[in-house]
Every structure is written in C-alpha cells, then in structure tokens.
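Taking it in order: structure first as structure tokens, then the write-up.
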Amino acid sequence: MDNFYVIHLPTVCCALVSCIHSDGMGGGDTLNPSLSLHHCVSMLSLVLQTDYYYEYTECDSTGSRWRVAIPQSHGSCIGLPEPVRGTECTFSCEAGEFLEMSAQECTQCAAGTYSLGSGIRFDDWETIPSGFSSLATYLDNGPHGDDSSTCNSSTWFPQGSYLESNRDECTVSLIYAVHLKKPGSVSFDYQYPDGNLFFEFFIQNDQCQEMDQTADKKWLKLTSHGEWATHTVNLKSGTNILYWRTAGILIGAKVVKPVLLKNVHIEGVAYASECFPCKPGTFSQTPGSSSCQPCPRDTHSGHGASSCTPSEGSAECKARPPCSKKDYFQIHTPCDLEGKTQVTYRWVEPQICLVDVAGAETLPPSGDREPCPPCNPGFYNNDTATCSPCPPGTFSDGSCPAGTEPAVGYQYKWWNVLPASMKTSCFNVGNSKCDGMNGWEVAGDHIRSGAGGSDNDYLILNLHVPGFKPPTSATGGAGTEFGRISFEFEMVCSADCELYFMMDVNRKSTRVVASWEGSKVRQSYTHIMTKNASVSYTWAFQRTNQASDNVNNVASIYSISVSNAVDGVSSECQTCALLSQPSGSLCVPCPPGHYIHTSQCTECPPNTHLTSHSTLGPEACKPCGPSSKSNKEHSRCYSDCVFSYSENNVSLSFDYSSLGSVGTLMNGPSFTTKGTKYYHLFNISLCGGEGRRAVCTDNVTDLSSADSQKETGEPANAVETLICQSTIIPSSGRGFHTALSSQSISLADTFLGATVALTLDGVKARPDLFPQTTNKVPDVNFFYRSLEVTSSCDKGRNVVVTLRCNPDRGTQGELTVPSQCPAGTCDGCTFHFLWESSGACPQCTSTNYHQIEGACKGGLQDTLYVWTEPKRCVGGVSLPEKKTWPCESMDFLVKMGATIGAFTAALLFSITCYFWKKNKRLEFKYSKLVMSSNKECELPGADSCAVMEGEENEGEMEDEVVYSKKTSLIRKLKAIASRVRVRTIMQLC
C-alpha cells in the first residue's frame, strides 16, 4: 500500500562497487585490471526484479508523473531501471483489478484474492498490516520524573480477526497514512466497553494539522459488552493521516478493558497496487473478484483460498481432552401433565471431550421427578403443564374490586423455565465456542451463570420491557417514578470475576448501571426508572483468565421484580382514586402532590413531599427536613437559602443567596500509580430549587446522538443533580487537544436539611476535619444524600457541606475539602466540604453596631453609628443615619463658671478678712488681761474686763503695744504657749 504515500524521486546512488577493490597497501582504491568496464556494467544489470518495487512520483502542474524504482533495502541501488513516464494522474482501476506497475496496466486479481478498486480493506489481523505503525508515548511525566520507558511495550496487538489496544496508562496511537485522489471515507468496527480508557479517532493532513471534526466524530461512543459499533468519517482528497489513540486512566486498582478494532475500510484511492488475499473461512473462486464469499457449512478454507474444502480432515490433529464439569450443563424439564419436573444434564454441543479416559467426568444422572415449583406471581395453572399469565384486569386470585386496579409488572422467583420476556446467550469476541451455549441456566429457585466455553466469556441474561404503565392515580405527578427493577443475587468467586448490570434505553446505547467484583453475599439491588421508555436490562457475568475452575465461579439471581411493566401481569390489586361523583367507579389520576385517602385525592400538607403512591393515607407525605421546604408538586424538598438559629436569647438569621446558584471546587492535582495527573471537579447546588441544579458534563465518553439529546432536551452525557463530581485530565497531561472531563457521577440528589447540629438522619458531620478558630458564629451544616446505591456504599452516598462565616473572604467565598482526605471523602461514601464566605455570616441586627456622640459645636451635637469590630454580619439592618441634637456651647459655660468663681473667691476673701480682724481684737484683749495680772491666780475685777470709756479708740494702741514691732516665729510660738498657760490657770482658779 506504499503507493498511497508521498514519494519523491530518489537520488541516483549507484557506484561501481564490484569493480573497485583495495590494493591492501594503503595506496587507495584502484580499478581491478582483470575486469573490463563493459563486464562491470553487465554485472550491474543482473539485478533481480524482486530487489526493488515501483512507485509513482507526485503529480506535477501538468498532471503528469514518473514511475521510479525503489530498492527494497537501503543502500542497494545498483542496476535499478531508469525512471519512465507514468500514467496520467486521473488513471484508476475498477473493482477486482489492481495496477501492475511493470506494464502500468490494470490487471484482474487472481482467484483467492480480491480488490475494491477505489478502496482498500483490512480485515485480517494475524499481524499488523504494512503501512500501519503503533506509537506509544507517556506525555505526562508526573511527580516522578520521566516515565517514558514504561511505555516501550505498549502497542496495539493483532489478535487474528481484530486488533486489541493497550490496557495501561500509556498513550498509544495506531497510525495509517493514505493519499486519496478524490474525496472518500474511512469506516471501521470497534468495541469500546470501558470509560476508564479514552478512545479518540482524528485525522491530520500532510502538514500535521488536525482536520476539523465534531465531537461525535472524534470521540467514540461506549459500547455494551460484546457489541460491535461502526464508525464512519469522511475524508478529503490529498494526504490523510489516520490516528486511533487510546489512553488509560487507572485511578483505582482495576485493570481497564481494551478497545477492539477490525474491518478498516478506506474509499477514495485511485487504484490498488496489489490484491488482498481472502482471509481464512472465505474464498474467491473467479479472477477479478471484488470480495470474498464465506465458505458453506461444513467446509473450511485457509489464507487466500480459491475454494473451500469439506471439513472431514485437518492439517493437524489435536488430542481430545478428557471431559470436565464445564463440558456439560443442567436443565429443568418442562412440567408434565402430572405436574412433575426433573433435573437433567446434557453435553455441550459439539462434544469434543472424551468420556472413557482416565480422569474424565461423566454425565451426572438425572434427578428425581419432583413437583413443579408454583407459578410466578401473576400466572396461574389452569390444569395444564404450563403457567399462563392472568388476563388483563385480573390478578392471581381473581378480579380487582371497585376502588382498586391491578398492580402490573413482572415477579420472577421460580425458575423452572426461562420466562418468555427473557433470553440468554454466551459471547466471546475472540472465541466462537460459546456462541451456541446458554449463558445462564435455570435451577428451580434461582437462575445461575453457566460454565461457558472458555475464560473471558460474557454470559448474558437479558430482560426486555417494552414500556411502563404507572398506576392511574399516579400518572399526573411531576418527577413520577414510572417503574423500578429489583433483583436479588449472589456471587461465589474463587478467582477474579465480575457481574455487570446494564441498561439500554430505546435501543440507543447500552450503559453500565452497576457492577460487582469478587464474591458477594446474597443481597438486593434496585434501580428506579424516571423516564417512560422501552428498556432492555442485561446481566453479564465474566470470569477472567485467572480463574482456575469456572464451575466454582458462579453468579446466581434468585428473584427479579419489575413494577408497572406495560405488558406485565398482576399478582395483587392496589388502591386508586375514584371520581368524585357518588356513582363513580373508574380510577382517575391524582394531581401532582396528592395522595389517595378514602378513594379520593388529597393534597399533601405544606413542606411535605410525596414518597410513593403505594403508601396510602397521610403517611404517604413525609415532612421535609429542618430549614427546608417542598416544591409546589411536593416531589422534592429544597433549601430556599434562608436559615434561622436561636440560643440563649440570641437569634441569628442567615441568607445564603449571595453565594451564587452553584459552587465549584477543583481539588488536586492527584496522580495515578503511573503518575498521570488528574483533578476532581465538584459542583454544588446549595439552594437546589427548581432550575438551580448542578451539572457535570462528560466531553469524552458516552457521546449520544443528536436525536437522543433533542428527545430529552438535555445533554445525554451530563449529570444534573444537587452535587456531582467529574474527573478532569488537563490537556497538557496526556497530549489531548482539550481538557478531558469524564466519569461524572451524582453524589447527592436529595436534600435532608440544614442545622447547626452534627447529625441528621444518620449522616454525621465531622468538625474535626475543619478546625474552627472562633465560635462566635456557629457553623451551619447542609446534609444531602444520594438514593442510588453503589457496590461500596450499600446505603448510598452522603454529603455534608459546612458553611462558615469568614469576614475576610469574598461573597462567593472558597470551597475546600479536608486536608486529611484530599478526595473529599475519607471512607468513599460520605463527602465533606467547607464553604467559607462573608456571605455565610448572619444578617446584621441592632446588636451589631454602637453609637458615638460628637462634640458640641455652635450649639449642635452629632450622634454617629458604627459597626462593632470585627464585623461578623452581612445584609440585614443598615446603620442608622447620623443624628444632630441642640446643645449648650462650652464657651458660655466657661464664662459663667469663671464669673461665679471670681465672685465666690471675692466673697470668701472678704469673710476671711472680717473674721481675721475680729480675731485680732479678741487676741488683744487676752494679751491685755495677762499683762495686767499682779499675781498668779489673781484676776481683775469684773468691771475691769469691761470696756472702759475711751477704749473705743484703743485699736491703734493695741497695735502699738502688741505689734509694735515685727515678731519672730519663736516669739509667736511663745505667745501661743503663754495663752495656753493662762487659759489653764484660769480653769484651775
């Protein structure tokens, strides 16, 4: 296929090597004298034609080209034919022909081969065909340095009829270059069962520029296990370089399942340079064939066969192995007229194993005839050997009375025969041995996986439900549960095995709903249908090639129940609402948010949600959790972003609407075991009312068709819920052209309530994960739950979002995960988030500010109001405006005070002077009395103490006698002592 590449005219490199030899003396090369030049040229012309092949050069501006010879090995270019002018660039060959380059003519393909003319096909993968190349890279070095050496062994592996991709984290590209003379196309079949392996197909031109492609053409859709899908992309004329690229993301320890590729078909080439041999099992009998025909039954053919040989012999014989337990299977015989059945055993056809050899297992004897198990609910035995479904409008015990209706569905719990709505098969992509086998076997009270033909077989059990018919009184509700499927199963695995539960809606694409690995005790699983559509449910059990004994690796299903199946049967009657007229006897639908009470529709009370119509009476309406309310249809509870809390006569009100409709957190980076960088993206709808839900989108896996998207009005590859998570791989990490978002899951779809308590409905908050520096404002915990259970979380996932007041953060705040658990969860089932924001602070009240009075100026005084710092509130009341009051000026008061003070001081001074003057007079009289005494204890007469005439003017004398001269301090003290002594003597007298 080398003629599809861009070829340039090679440089003539021939030399007369054979005619030159060294003289061995160091003198250089000399011409061999024994050989003439003519003889050398003759030798050079003896070049076998198998040593080279022909190619065309690129067409020039005139539409012409040259045919040149290209050596098969490098450096061997002696005696090549001269270039000659080639055919016109518009030349082409028909189907069944190829271009014979020596004659430059179209020649018919020989028998046993074929050609497509303007197309090429690759359907034989015993080896990687010529022209294909596999390139492995590791573009993300991660934290451990260069890991490129770990990808040396990663490649695409030929498996005979298909190619198998790598299973590791290396990025492996399968590359093929083709030159088209006209616009064409490429199509191929593939299997892509595992979303942990990214698979893309893109095209580049000869300038290594990627062609424009839509997402649904570049990213391949997931397929169900064992299902082949076809992908077709148009090609432009010129050089097209095709890339099939895979890259695994081993976030867990689970090994990914590879991509399988086969039947690559390219249209648009001008001619085929050779014919393709028919692959084994096909033949082409006549020359000039454009395809190969499959061999008839009981015949076989080899590679490039022109006819098929009867399968009576073989090129080699293999020893027939001794029979083992996996070479036979058990069946239950149908019930006979006596109502009896028995277990019998049959060999797998065709029987290859030997029975009469040492160590061989023999076919077990048939079991005893036993009474047939009872009919499944909704079926009855009308004195026949088979169970028949109950007629419409009836149930197993008769007709439903007025005010009730049959509860239709499937209830399979007895497994004597496989129900008509179910089928079983065995599939292996690389082995057709199990194609005719039953994948599952009925076993009385359960159905179990069969032995299979070999390891890695997919044992398939399928149940088809054409649609759902909810109860009449429940058809009017928004977000109605249309139906549910529940099954009880058990797994016994001595080695590695896995059970997949898958669902295909409207035959668009199959997706894995849940899976389980290893041994599992008997348990049940339920999936709820919220969309009325045709659904195929599939159980696929697979044992790996590590299993040593397939018989001891078994999956068993004990019961399967599907409610509201449109073609189901009824085993019981359920209450319904009747018409309001007294004579009404027909069931009528209840409006949204109504429950059935005494055969009438009654609306649920406020702030309650309707759980199920199967519950009668007011008990069907469950109250919403704390700080939550119900929507108008009473189908779900949500937070309206308002929360109130009171303690110790202190009331706090919160309004979280400023935080935004959806909060986003991307934590990481994290690294896989091989160092691939990835992030976890969380979207949280705190107040998840109508129209305010979080959405996580996959831009890689499960890209559904545009028809599916138009049908639902929503992106089919998106998860819309209250809290969701996606895995993000940066574009720089794996060489992709855009960041990859995949593995989107719902973490919470139900709001339980908001409270400052640490526990709500069994979900616990962990304050130790987010230590708090201050407790002035309590943390508020929002509790969520997901109703969808997983293999590791049998009660579903839980989420706790802790809102913390932090004035230093912005209004939108910041979302964080625990430092001890960087993935957001410590146990895989309960996720914890901290949302710090100023918008999480309580609303402001009058207790959050105080007043400051200003100075009195000009007879006016201002009163200001300021927030108490640190401010731990938002919104609420506003600061009161500044107030101005009349006041007394300080200048007037100072003047009045100074005047009063001066007057008081003058008055005090006058009083002091008066009493001082009077005291002096009295002192003078005492001094005079002492001086006039003649002896001790003798006092003057009474009249001597009186004031004599003429004594009124003795004031001046008084001053002259006593204070005629200035006395010293000592003399004053002596005078005082004398007065005290005189007073004492007078008291004694």
Side-chain angles (χ1 to χ4, degrees), residues 161-162 189-194 222-230 257 260 262 294 297 325-332 334 344-352 410 412 415-443 446-466 485 487 489 491 493 497-516 534-545 547 550-551 553-558 560 562:
S161 59
Y162 60 90
D189 297 335
Y190 71 95
Q191 279 193 24
Y192 180 24
D194 195 341
L222 286 172
T223 62
S224 62
H225 295 266
E227 175 188 355
W228 287 97
T230 301
K257 298 184 180 299
L260 307 182
K262 69 176 184 179
R297 186 173 181 177
K325 291 182 179 180
K326 65 180 182 179
D327 291 314
Y328 62 83
F329 59 96
Q330 74 170 25
I331 62 170
H332 283 248
T344 61
Y345 298 88
R346 295 181 182 177
W347 293 110
V348 175
E349 298 292 342
Q351 182 182 350
I352 300 176
Y410 307 136
Y412 301 135
W415 303 92
N416 187 53
V417 294
L418 193 67
S421 58
M422 302 185 70
K423 61 181 181 179
T424 178
S425 60
C426 179
F427 175 80
N428 191 317
V429 65
N431 189 347
S432 60
K433 181 180 179 180
C434 79
D435 288 351
M437 297 182 180
N438 288 330
W440 293 70
E441 303 167 353
V442 294
H446 67 280
I447 183 171
R448 64 186 181 188
S449 58
S454 61
D455 298 330
N456 292 320
D457 288 345
Y458 287 105
L459 307 178
I460 306 297
L461 180 65
N462 180 266
L463 170 63
H464 179 66
V465 181
I485 179 171
F487 59 91
F489 69 98
M491 295 173 62
C493 298
C497 59
E498 190 165 5
L499 175 65
Y500 301 92
F501 175 59
M502 300 174 288
M503 181 175 66
D504 181 4
V505 179
N506 291 331
R507 301 187 181 275
K508 291 294 179 65
S509 63
T510 302
R511 69 179 182 91
V512 176
V513 179
S515 63
W516 299 267
S534 173
V535 183
S536 290
Y537 298 105
T538 301
W539 293 264
F541 182 70
Q542 185 190 36
R543 311 175 183 97
T544 66
N545 52 13
N550 286 345
V551 179
N553 296 273
V554 180
S556 302
I557 297 178
Y558 294 91
I560 299 176
V562 180

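Computed from a prediction, not measured in an experiment: that's the story for all the values here. Values below: every heavy atom of this structure, side chains too, minus hydrogens, waters and symmetry copies.
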Would K262 and W228 count as a side chain to side chain contact (heavy atoms under 4.5 Å, CB included) if you check the C-alpha gap in whole Å, the side-chain angles of each, and the deciding distance to 0.1 Å? CA-CA 9 Å; K262 69 176 184 179; W228 287 97; 3.6 Å; yes
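- Using a distance-only test at 3.5 Å, with no hydrogens or angles considered, a donor-acceptor pair links the side chain of T424 to the main chain of I460.
- Rounding to the nearest 0.5 angstrom, the gap separating the CG atom in L499 from the SG atom in C493 is 9.0 Å.
- Judged by distance alone, the side chain of S449 and the main-chain N or O of A555 form a donor-acceptor pair under 3.5 Å.
- Below 30°, between 30° and 60°, or above 60°: for W440 and F541 the angle between ring planes is above 60°, a perpendicular geometry.
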Assess the residue pair Y412 and M422 against the criterion (side chain to side chain contact (heavy atoms under 4.5 Å, CB included)); give the C-alpha distance rounded to whole Å, side-chain angles, the decisive distance to 0.1 Å, and a yes or no. CA-CA 11 Å; Y412 301 135; M422 302 185 70; 4.0 Å; yes
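- The two residues R543 and N553 make their nearest non-hydrogen contact at NE-O, 2.7 Å.
- Contact detail for V442 and N416: the closest heavy-atom pair is CG2-O, 3.5 Å.
- When every heavy atom of W415 is checked against every heavy atom of I557, the shortest pair comes out as NE1-O, 3.9 Å.
- With sequence neighbours left out, the side chain to side chain contact (heavy atoms under 4.5 Å, CB included) criterion links P466 to Y410, H464, V566, D567.
- A side chain to side chain contact (heavy atoms under 4.5 Å, CB included) with L260 holds for exactly one of Y190, Y192, Y162; it is Y162.
- Residues meeting the ring pair (Phe, Tyr, Trp, His ring centres under 6.0 Å) test with W539, sequence neighbours left out: F487, F501.
- The backbone N or O of A443 lies less than 3.5 Å from no partner atom in the side chain of R448, so there is not a single donor-acceptor pair.
- Here the closest non-hydrogen pair linking Y458 and Y500 is CE2-CE1, 4.5 Å.
- Summarising the geometry of L459 relative to G439, their closest heavy-atom pair is CB-O, 3.6 Å, with the distance given to 0.1 Å.
- For the atom pair L461 CG and E441 CD, the distance stands at 12.0 Å (nearest 0.5 Å).
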